[in-house]
Amino acid sequence: MRVLGLMSGTSADGVDAVLASFSGPPQRPRWKLEKHHFNPYPAELQRQLIGVGQGQSFDSSTLLELAEAVTEQQALAARACDPQGGAQLVGCHGQTLWHRPPQAGQRGASWQLLQGPLLAELLATPVVFDFRSADLALGGQGAPLVPPADQALLGRCGGWRAVLNLGGIANLTLIPPAQGPESCLPVRGWDCGPANTLLDLATMHFSGGQQSYDADGAWARQGQIDEALIQRWLAEPYFQSPPPKSTGRELFGQADLERRLAEVKGRDAADALATLTGFSAAVVAQELGHGPQAIELLVAGGGCRNSLLVEQLQHRCRGLIVRPLAEFGIGEAEREALAFALLAWWHALGHQGNLPSVTGASGGAVLGLCARPQSGRCKRTLRGAPRRRWGFWA
Ligand SMILES: Nc1ncnc2c1ncn2[C@@H]1O[C@H](COP(=O)(O)OP(=O)(O)OP(=O)(O)O)[C@@H](O)[C@H]1O
Ligand SMILES: CC(=O)N[C@H]1[C@@H]2OC[C@@H](O2)[C@@H](O)[C@@H]1O[C@H](C)C(=O)O
């Protein structure tokens, strides 16, 4: 089945679209990544989305407009990636506005902004969306959702394989070895903490809004890392708590950045950016200590383009082979969109998409809701897709 995956993440910089094909066993499919396209959000839309994620209040009318604008941006990315309309199905993450992990006996909740039925009509293709709700309803974190996709797409190796996302948030996947006593253990995964959220906000702050990120870490390279401060930050509750755990701008956003900047001695921009860069790498290194000892660390996400961040990772994760995920045919901007294409395919097959060993959910669930175009322009039925237990794909 040819599936289009659409992902727009914490940094709200735009939509990554991937056209892929899947066949074979869902837990270890044959797959081919055919095309990738990135569609940047208009600057004002990015500003508003980040504002909502920082807790700024917007009236209902504005939120409705944002939902429509996000949906239309997803459609633009989809059309640019798949101009021939070859996809039989679309998996769309939507844009996270707010994520509330489960806490103190309260279930979690998460809001991914999207008008699924509208996107289905715009693309004349069935769209699977709202992937997190089923896991949250079972008491899970609702995130991260990529770990089972990582195992399905990458397979296993001779030891524990770690996969790291360096997006706005850093999240890890740990895939058990192919053989040996630990091969029967489940896939692990959790959100480590800030990757680029604080760095981006700091860069915007120090550049007076002229720069949205520290390209290649060039500004941070001019500064000095305050190691003692990083060690103090690593003792904070989130980094001391065991998985399952998930996070976002809600914890590592503007207010958190301002607190941390106040602690940086001298408050020189380069020193602050250097310390925040070292901090993101130190968080990953410490979090890797929470799980089984990995033999390699495959890295994806926009942070791969920050050579200082990657160097800090290599330095602090000494002994680990740090490799770009691109060596496995998945570019750093393609991984999450490919994962959501796979999750949509799993939805079509009725295959469980979440892992309780990752999210802490009370059980497995088929993830997502499916909106089908009603205008009769639907390009095709899902020929070849197995009948769902509800006969849905008939
Ligand atoms: N050339 C570059 N140099 C340094 N950093 C970069 C560069 N290009 C992108 N980035 C960083 O990558 C980030 C975007 O990465 P990515 O798209 O993987 O994040 P995301 O998917 O939005 O976040 P998340 O995975 O947490 O949802 C930008 O916010 C920026 O900090
Ligand atoms: C609520 C939400 O959107 N969380 C994102 C965020 O960005 C990275 C990390 O935090 C991850 O947990 C998740 O996205 C990825 C795609 C996931 O669900 O695996």
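Note that ligands are numbered from 1 as they come in the structure, with each ligand's atoms numbered from 1 the same way.
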State whether [X] and [Y] are salt-bridged, where the test is any N-O pair (Lys NZ or Arg NE/NH1/NH2 against Asp/Glu carboxylate O) under 4.0 Å.
{"X": "Glu296", "Y": "Arg323", "result": "yes"}
{"X": "Glu227", "Y": "Arg232", "result": "no"}
{"X": "Arg221", "Y": "Glu311", "result": "yes"}
{"X": "Arg161", "Y": "Glu182", "result": "no"}
{"X": "Glu287", "Y": "Lys245", "result": "yes"}

Measure from the side-chain N and O atoms of Gln374 to the backbone N and O of Arg372, and report whether any donor-acceptor pair falls under 3.5 Å. yes

Kindly say whether Ala220 contributes a backbone atom to a donor-acceptor pair with the side chain of Asp214 at under 3.5 angstrom? yes

Can you tell me which residue and heavy atom of the protein come closest to [atom], and the distance to 0.1 Å?
{"atom": "atom 7 (O) of ligand 2", "value": "Thr10 OG1, 3.4 Å"}
{"atom": "atom 13 (C) of ligand 2", "value": "Arg132 NH2, 3.5 Å"}
{"atom": "atom 16 (C) of ligand 2", "value": "Glu336 OE2, 3.5 Å"}
{"atom": "atom 8 (C) of ligand 2", "value": "Asn171 OD1, 3.2 Å"}
{"atom": "atom 17 (C) of ligand 2", "value": "Leu145 N, 3.2 Å"}
{"atom": "atom 10 (O) of ligand 2", "value": "Asp191 OD2, 3.5 Å"}

Does ligand 2 have an atom that lies less than 4.0 angstrom from a heavy atom of [X]?
{"X": "Phe131", "value": "no"}
{"X": "Gly248", "value": "no"}
{"X": "His93", "value": "yes"}

Distance-only N or O hit between ligand 2 and Pro147, under 3.5 Å: no

Short N/O distance, under 3.5 Å, between Thr96 and ligand 2? yes

Show which atoms of ligand 2 fall inside a sub-4.0 Å distance from at least one heavy-atom site of His99. 1 (C)

Sub-4.0 Å atoms of ligand 2 with respect to non-hydrogen atoms of Ala143: 12 (O)

For ligand 1, the residues whose heavy atoms come within less than 4.0 Å (ordered by chain, then number): Gly9, Thr10, Ser11, Asp13, Asn165, Gly167, Gly168, Ile169, Asn196, Asp200, Tyr213, Asp214, Ala215, Asp216, Gly301, Gly302, Gly303, Arg305, Asn306, Glu336

Of all the heavy-atom pairs spanning Leu201 and Gln54, show the shortest one and how long it is. CD1-OE1, 4.0 Å

Considering all heavy atoms of both residues, which atom of Ala344 and which atom of Gly91 are nearest to each other, and what is their separation? CB-CA, 3.5 Å

Among residues at least two apart in sequence or on other chains, which ones pass ring-ring contact (aromatic ring centres under 6.0 Å, His included) with [X]?
{"X": "Tyr238", "value": "Phe252"}
{"X": "Phe129", "value": "none"}
{"X": "Trp233", "value": "Phe279"}

